Visitor: 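The structure under discussion is supplied below as structure tokens; questions concerning it will follow.
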Amino acid sequence: MFISKEKTDLFFRLSISTTVFGALFQIIPASLTMLGVAGMVVFLGIQLYQKETREWLDYARLLLIVAFAWNYTINLFGASYTHLPAFITKLSLIAFLTLYIKKIMGPLQELLQNRHLLLSSFGKDDLSYILADLATVYIVIASLFKILHWELGIVNGNFLLVVGLFSALLSIVASSKELRS
């Protein structure tokens with residue numbers, strides 16, 4: 001049975017939204033939040049299965065979602081031995097971010113190697129895309145920090161969320177048509 005890419009994307013995003021709202025605001029019952037967690041794993045698995053060419057980033061993303069789902073489920077039910085799922089979630093987050101940043105930086109490295117190409121093609125669109133990607137990374141990390149109650153000195157979920165939202169604002173400003181005149 002084949003499910004269209006649009007449907008799996010939609011259901012995956014709905015699952016993420018349900019899980020994040022349930023975890024951050026605790027307004028959604030635990031059963032609905034668990035349904036969101038299960039939906040993330042299932043629909044991301046379907047997307048990966050149906051994808052013609054798979055990259056390491058796809059596997060790292062699936063590992064991150066599965067590790068997060070496992071960690072969240074263990075914490076939700078108050079089970080003991082929560083250190084192993086938290087450790088695996090942290091490692092999978094590091095792997096995902098490393099591969100994601102490598103994917104973002106690949107085209108930018110090509111531009112930096114050829115200075116003429118850099119000056120002629122690097123415009124406001126490229127800047128807005130880079131800022132949008134950075135905003136996405138910061139917001140995803142901030143969500144994980146808030147959901148899993150992680151803190152590294154002054155770096156916590158609130159700090160990363162502010163940085164991510166500020167990057168998103170700069171991305172919107174950089175892509176504004178009024179500024180392109």
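Just so we're clear, the structure is a prediction, and the values are computed from it rather than from any experiment. Start at 1 with the first residue, then count along the sequence.
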Visitor: Tyr59, Val66: one ILVMFWY side-chain cluster at the under-4.5 Å cut-off?
Guide: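 They do share one cluster, since a chain of ILVMFWY contacts under 4.5 Å joins Tyr59 to Val66.
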Visitor: Taking the cut-offs as 6.0 angstrom to the six-membered ring centre and 45 degrees off its axis, would you call Lys90 and Trp150 a cation-pi pair?
Guide: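 Because its charged atom sits under 6.0 Å from the ring centre and within 45° of the axis, Lys90 does stack over Trp150.
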Visitor: Stepwise, does the side chain to side chain contact (heavy atoms under 4.5 Å, CB included) test hold for Leu57 with Tyr100?
Guide: CA-CA 7 Å; Leu57 181 61; Tyr100 188 74; 4.0 Å; yes
Visitor: Roughly how far apart are Leu64 CG and Leu97 CG, rounded to 0.5 Å?
Guide: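 Going from the CG atom of Leu64 to the CG atom of Leu97 covers 8.0 Å.
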Visitor: Tell me if the CZ atom of Arg13 is crowded by more than 12 foreign heavy atoms within 6.0 Å.
Guide: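 No.
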Visitor: Measure across Tyr72 and Thr33 and return the closest heavy-atom pair with its distance rounded to 0.1 Å.
Guide: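 For Tyr72 versus Thr33, the nearest heavy atoms are OH-CG2, 3.2 Å.
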Visitor: If you group Ile, Leu, Val, Met, Phe, Trp and Tyr by side-chain heavy-atom gaps below 4.5 Å, do Val140 and Met40 land in one group?
Guide: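 Different hydrophobic clusters.
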Visitor: Is there a side-chain contact between Phe11 and Ile46 (heavy atoms, below 4.5 Å)?
Guide: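 No. Closest side-chain heavy atoms not under 4.5 Å.
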Visitor: To the nearest 0.5 angstrom, please state how far the CZ atom of Arg61 sits from the CD atom of Gln47.
Guide: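 Result: 5.5 Å between the selected atoms.
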Visitor: Search all heavy atoms of Gly36 against all heavy atoms of Ser15 and return the closest pair with its distance.
Guide: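 So the two residues come closest at O-CB, 3.3 Å.
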Visitor: Rounded to the nearest 0.5 Å, how far apart are CG of Leu44 and CG of Leu48?
Guide: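 Nearest 0.5 Å value for the CG-CG distance: 6.5 Å.
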Visitor: Treating Ile, Leu, Val, Met, Phe, Trp and Tyr as nodes and any side-chain heavy-atom pair under 4.5 angstrom as an edge, say whether Leu93 and Val41 lie in one connected cluster.
Guide: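 Result: yes, single cluster for both.
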Visitor: Looking at every non-hydrogen atom in both residues, tell me the closest pair between Thr8 and Phe43 and how far apart they are.
Guide: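 Result for this residue pair: O-CB, 4.0 Å.
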Visitor: Test side chain to side chain contact (heavy atoms under 4.5 Å, CB included) on Asn156 and Lys146; report intermediate values, then the result.
Guide: CA-CA 7 Å; Asn156 58 21; Lys146 287 190 77 64; over 6 Å; no
Visitor: Looking only at heavy atoms, what is the nearest atom pair of Tyr138 and Ser167, with distance?
Guide: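 It is CD1-OG, 4.1 Å.
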Visitor: Rounded to the nearest 0.5 Å, what's the gap from CZ on Phe68 to CD1 on Ile65? Could you check?
Guide: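 So the gap between those two atoms works out to 7.5 Å.
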Visitor: Between Leu152 and Phe145, is there a side-chain heavy-atom distance shorter than 4.5 Å?
Guide: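 Phe145 reaches Leu152 side chain to side chain.
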Visitor: Test side chain to side chain contact (heavy atoms under 4.5 Å, CB included) on Asn71 and Ile88 and set out the steps.
Guide: CA-CA 9 Å; Asn71 189 12; Ile88 292 173; over 6 Å; no
Visitor: Following the transitive rule for hydrophobic clusters with a side-chain heavy-atom cut-off under 4.5 Å over Ile, Leu, Val, Met, Phe, Trp and Tyr, establish whether Val155 and Val163 coincide in one cluster.
Guide: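 Same cluster.
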Visitor: Supply the atom-to-atom distance Lys7 NZ to Leu14 CG, rounded to the nearest 0.5 angstrom.
Guide: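 Here the rounded value is 13.5 Å.
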Visitor: Taking the side chain as everything from C-beta on, heavy atoms only, tell me whether Thr89 gets closer than 4.5 Å to Trp70.
Guide: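 Result no, sub-4.5 Å side-chain heavy-atom pair not found.
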Visitor: At what distance, to the nearest 0.5 angstrom, does CG of Leu99 lie from CD1 of Ile94?
Guide: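 Leu99 atom CG to Ile94 atom CD1 measures 12.0 Å (nearest 0.5 Å).
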Visitor: With a 4.5 Å cut-off on side-chain heavy-atom distances among I, L, V, M, F, W and Y, is there a chain of contacts connecting Phe12 to Leu10?
Guide: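 Yes, Phe12 and Leu10 fall within the same hydrophobic cluster.
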Visitor: Which atom pair, heavy atoms only, marks the closest approach of Ala135 to Gly164?
Guide: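 Closest approach of Ala135 to Gly164, heavy atoms only: CB-O, 3.3 Å.
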Visitor: How far apart are the C-alpha atoms of Thr18 and Leu32, what are their side-chain angles, what is the distance that settles it, and do they pass the side chain to side chain contact (heavy atoms under 4.5 Å, CB included) test?
Guide: CA-CA 7 Å; Thr18 303; Leu32 195 56; 4.0 Å; yes
Visitor: Specify the closest pair of heavy atoms between Leu62 and Gly45, including all atoms of both residues, with the distance to one decimal.
Guide: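 It is CD1-N, 4.1 Å.
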